[in-house]
> 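Before I ask anything, here is the structure I am working with.
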Amino acid sequence: MPELPEVEVVRRGLDQWVAGRTVAAVEVRHPRAVRRHLEGTEHFVQALTGRTFTAAHRRGKYLWLPMAEADGTPSDRALVGHLGMSGQLLVEKPSQPDETHLRARFTFTDGGRELRFVDQRTFGGLAVEESTGDGIPPRLAHIAIDPLDPSFDADAFSAALRRRHTEVKRALLDQTLIGGVGNIYADEALWRAQLHGARPTAKLTRAQVSALLEGVRDVLGEALAQGGTSFDSLYVDVNGQSGYFSRFLAVYGQADRPCPRCGTPIRRESFMNRSSYSCPRCQPRPRTR
DNA sequence: ACCGTCGCCTGATAGC
DNA sequence: TGCTATCAGGCGACGG
């Protein structure tokens with residue numbers, strides 16, 4: 001599942017292989033892929049055809065590509081994308097057979113490799129959004145700065161976290177508080193900080209918040225270092241099927257396997273209608289909830 | 001304003 | 001064998 005590190009790998013691929021190219025045609029194969037483009041599929045196609053992508057940016061798990069008009073002047077719109085659970089953005093030769101779950105195809109005026117949006121479960125999507133310059137499109141403004149962004153403010157995050165009246169894992173998954181953390185890396189960061197996800201945020205000490213943030217940064221950074229070198233950027237597989245995940249994860253998906261720190265079997269709990277993994281000894285449950 | 005729950009979606013897998 | 005149930009989980013809408 002693509003979280004921040006995987007999306008950053010995709011961004012780098014787009015910046016290298018798509019930025020600077022002009023769209024010749026757009027084919028939408030499944031309307032759900034552009035459902036967030038409220039003006040409809042035809043408008044989506046019109047808004048992109050003939051425009052040039054100028055760069056690829058990311059905040060949290062969102063990507064956006066600013067555009068320029070045919071005469072080179074900057075456009076006030078950008079292509080915004082989210083990979084959801086299973087989305088891929090692939091840069092491939094036109095001769096490559098269509099993928100089963102191909103949702104949209106972009107061809108370019110240079111006749112080179114196509115950009116394809118492939119998404120089995122269709123939680124992801126594309127839209128053209130208002131945007132000026134390289135700044136974040138207003139529709140994405142609610143997504144918090146992510147911890148790999150140089151402007152991330154650790155003190156502000158710590159203060160905001162401790163002001164919340166919720167459980168710490170919920171807070172980590174809240175994209176308006178910190179961007180880019182999903183279920184997998186939330187569990188990994190909590191394990192590193194030796195905190196159970198049900199701990200109330202308001203009662204965390206400064207030291208605990210600090211350890212948590214360090215855990216988040218480390219796990220995202222390490223995943224990026226591995227993912228960024230594991231994939232051919234021409235074919236960015238963000239489904240984790242290449243297996244680099246499982247060698248790297250301490251607790252996620254590791255139920256009944258020994259905790260790498262203390263050897264206690266990892267437990268799996270249901271939380272927010274999804275799975276949470278933790279070490280019963282390193283991460284004791286809070287007494288009350 | 002803030003917090004928690006629900007529905008969306010499809011393929012793999014387990015169990016009968 | 002073939003069916004059904006369960007699971008994977010990010011996000012925005014919505015209700016309290």
Side-chain angles (χ1 to χ4, degrees), chain A residues 1-8 10-11 28-38 58-64 80-89 98-104 117-127 129 136-144 146 159-190 197-204 216 220 223 237-243 245-246 249 251-256 266-278 289:
Chain A
M1 301 110 234
E3 299 186 26
L4 187 151
E6 294 75 33
V7 179
E8 174 60 16
V10 173
R11 188 201 66 77
V28 176
R29 300 282 297 261
H30 195 305
R32 191 172 148 78
V34 295
R35 68 192 181 285
R36 300 223 190 284
H37 189 91
L38 301 178
R58 178 190 58 75
R59 176 171 290 183
K61 303 169 200 169
Y62 276 95
L63 294 161
W64 76 94
V80 171
H82 195 293
L83 301 176
M85 292 292 302
S86 53
Q88 297 168 284
L89 283 165
D98 288 358
E99 290 75 10
T100 305
H101 301 295
L102 177 65
R103 306 305 188 194
F117 179 61
V118 177
D119 189 13
Q120 180 214 113
R121 289 168 64 191
T122 68
F123 276 38
L126 305 172
E129 299 284 355
I136 187 163
R139 260 185 80 103
L140 304 185
H142 66 290
I143 303 296
D146 62 64
L161 184 76
R162 295 174 71 203
R163 272 199 303 273
R164 291 289 174 107
H165 294 277
T166 189
E167 297 172 354
V168 63
K169 184 166 176 182
R170 287 184 187 281
L172 281 183
L173 296 176
D174 183 346
Q175 304 297 304
T176 67
L177 188 63
I178 183 168
V181 182
N183 198 43
I184 295 173
Y185 295 127
D187 277 3
E188 293 297 311
L190 288 164
R199 297 279 289 261
T201 48
K203 290 186 180 175
L204 294 177
V216 170
L220 294 180
D237 181 350
V238 293
N239 282 329
Q241 288 163 350
S242 63
F245 269 117
S246 52
L249 300 174
V251 288
Y252 183 83
Q254 308 297 309
D256 302 325
I266 296 301
R267 89 185 134 202
R268 174 180 176 274
E269 295 173 293
S270 194
F271 174 75
M272 290 172 76
N273 284 330
R274 42 188 59 93
S275 290
S276 286
Y277 298 88
S278 58
R289 60 163 267 113

> In whole Å, what is the span from the CE atom of A:Met272 to the P atom of B:dG4?
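After rounding, the gap between these two atoms is 9 Å.
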> Please determine if a side-chain N or O atom of A:Tyr185 lies less than 4.0 Å away from the OP1 or OP2 oxygen of C:dG10.
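For A:Tyr185, the contact criterion (side-chain N or O under 4.0 Å from OP1 or OP2 of C:dG10) is not met.
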> Before accepting this row, confirm whether a basic side-chain N of the pair A:Arg268/A:Asp256 lies closer than 4.0 Å to the acidic partner's carboxylate O.
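Salt bridge between A:Arg268 and A:Asp256, a charged N being under 4.0 Å from a carboxylate O: no.
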> Do A:Arg170 and A:Phe271 have side chains that approach each other closer than 4.5 Å (heavy atoms only, starting at C-beta)?
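Yes - at least one pair of side-chain heavy atoms lies under 4.5 Å apart.
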> Step by step, would you call A:Leu63 with A:Leu89 a side chain to side chain contact (heavy atoms under 4.5 Å, CB included)?
CA-CA 11 Å; A:Leu63 294 161; A:Leu89 283 165; 3.9 Å; yes
> Identify which nucleotide among C:dG10, B:dC3, B:dG4 has an atom closest to any side-chain atom of A:His165, counting heavy atoms from C-beta outward.
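Of all the options, the side chain of A:His165 is nearest to B:dC3.
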> Using 0.5 Å steps for rounding, measure from the CG atom of A:Leu190 to the NZ atom of A:Lys169.
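Answer for the CG-NZ pair, A:Leu190 versus A:Lys169, is 7.0 Å.
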> Whether the side chain of A:Gln175 engages the backbone of A:Ala144 through a donor-acceptor N/O pair (distance < 3.5 Å, no angle test) should be reported.
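No, because the side chain of A:Gln175 does not come within donor-acceptor range (under 3.5 Å) of the backbone of A:Ala144.
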> Could you please spell out the steps behind the side chain to side chain donor-acceptor pair (under 3.5 Å) verdict for A:Arg103 and A:Thr122?
CA-CA 9 Å; A:Arg103 306 305 188 194; A:Thr122 68; 5.4 Å; no
> Using heavy atoms and a sub-4.0 Å distance, could you list which residues of residues 171-179 of chain A are near DNA chain C? By number, please.
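Only A:Gln175 qualify.
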> Strictly by modelled atom types, are A:Thr201 and A:Arg162 linked by a side-chain donor-acceptor pair under 3.5 Å?
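Result is no, nothing qualifies.
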> Where the side chain of A:Glu3 is defined as all heavy atoms beyond and including C-beta, which of B:dC3, C:dG10, B:dC9 is the nearest nucleotide?
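Side chain of A:Glu3 sits closest to C:dG10.
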> Could you tell me which residues satisfy ring pair (Phe, Tyr, Trp, His ring centres under 6.0 Å) with A:Tyr277, sequence neighbours excluded, listed by chain and number?
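Expected list: A:Tyr252.
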> Rounding to a whole Å, what distance do you find between A:His142:NE2 and C:dG10:P?
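In whole Å, C:dG10 P lies 14 Å from A:His142 NE2.
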> Atom CZ of A:Arg164 and atom C1' of B:dG4: how far apart are they, to the nearest Å?
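Checked: the CZ to C1' distance equals 12 Å.
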> Please give, in whole Å, the distance from C:dA8 P to A:Glu269 CD?
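Roughly 13 Å, once rounded to whole Å.
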> Going by the rule side chain to side chain contact (heavy atoms under 4.5 Å, CB included), which residues pair with A:Leu140 if we only count those two or more places apart in sequence or in a different chain?
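Side chain to side chain contact (heavy atoms under 4.5 Å, CB included) check on A:Leu140 returns A:Tyr62, A:Trp64, A:Val80, A:Ile136, A:Pro137.
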> Can you measure from CD1 (A:Ile178) to CG (A:Leu161) and round to the nearest 0.5 angstrom?
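These two atoms lie 8.5 Å from each other.
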> Rounded to whole angstrom units, what separation is found between the CG atom of A:Asp146 and the P atom of C:dG10?
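So the two atoms are 15 Å apart, to the nearest Å.
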> Measure from CD on A:Gln254 to P on C:dA8 and round the result to the nearest Å.
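Computing the A:Gln254:CD to C:dA8:P distance gives 14 Å.
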> Looking at CD of A:Glu8 and NZ of A:Lys61, how far apart are the two atoms once the value is rounded to the nearest 0.5 Å?
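If I round to the nearest 0.5 Å, the distance is 14.5 Å.
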> Any idea which of B:dG4, C:dG12, C:dG10 is nearest the A:Arg36 side chain?
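Between B:dG4, C:dG12, C:dG10, the one nearest the side chain of A:Arg36 would be C:dG12.
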> Using the 3.5 Å cut-off, write out each protein N or O paired with an N or O of nucleotides 14-16 of chain C and the distance between them.
none

> I need the minimum non-hydrogen distance between A:Arg35 and A:Gly124, along with the two atoms involved.
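Closest pair (atom of A:Arg35, atom of A:Gly124, distance): NH1-O, 3.0 Å.
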> Looking at C:dC7, B:dC9, C:dG12, which one has an atom nearest to any side-chain atom of A:Thr122?
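Of the candidates, B:dC9 comes closest.
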> How close or far is atom C1' of C:dG10 from atom CG of A:Leu140, stated in whole angstroms?
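Atom CG in A:Leu140 sits about 14 Å away from atom C1' in C:dG10.
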> Using OP1 and OP2 only, check whether a side-chain N or O of A:His30 sits under 4.0 Å from B:dC9.
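No, no such contact exists.
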> Between A:Asp146 and A:Arg58, is there a salt bridge with N-O shorter than 4.0 Å?
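A salt bridge links A:Arg58 with A:Asp146.
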> Between the protein and nucleotides 11-13 of chain B, list every N/O to N/O distance that falls short of 3.5 Å.
{"residue": "B:dG11", "atom": "OP1", "partner": "A:His101", "partner atom": "NE2", "Å": "3.4"}
{"residue": "B:dG11", "atom": "O4'", "partner": "A:Gln120", "partner atom": "OE1", "Å": "3.3"}

> Would you kindly give the CG-to-P distance between A:Asn183 and C:dC7, to the nearest whole Å?
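Distance, rounded to whole Å: 14 Å.
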> Do the charged groups of A:Arg32 and A:Asp119 touch, with an N to O distance under 4.0 Å?
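So A:Arg32 does not pair with A:Asp119 through a salt bridge.
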> Between A:Tyr277 and A:Tyr62, name the one whose nearest nucleotide on DNA chain C is closer to the 5' end.
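Nearer the 5' end of the strand: A:Tyr277.
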> Which distance, rounded to the nearest 0.5 Å, do you find between the CG of A:Leu173 and the CG of A:Asp187?
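Taking CG in A:Leu173 and CG in A:Asp187, the distance rounds to 8.5 Å.
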> At less than 4.0 Å, is any side-chain N or O atom of A:Arg268 found next to OP1 or OP2 of C:dA8? Yes or no.
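Result: yes.
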> Pairs under 3.5 angstrom, nitrogen or oxygen only, protein versus nucleotides 6-8 of chain B, please.
{"residue": "B:dC8", "atom": "O3'", "partner": "A:Arg32", "partner atom": "NH1", "Å": "3.4"}

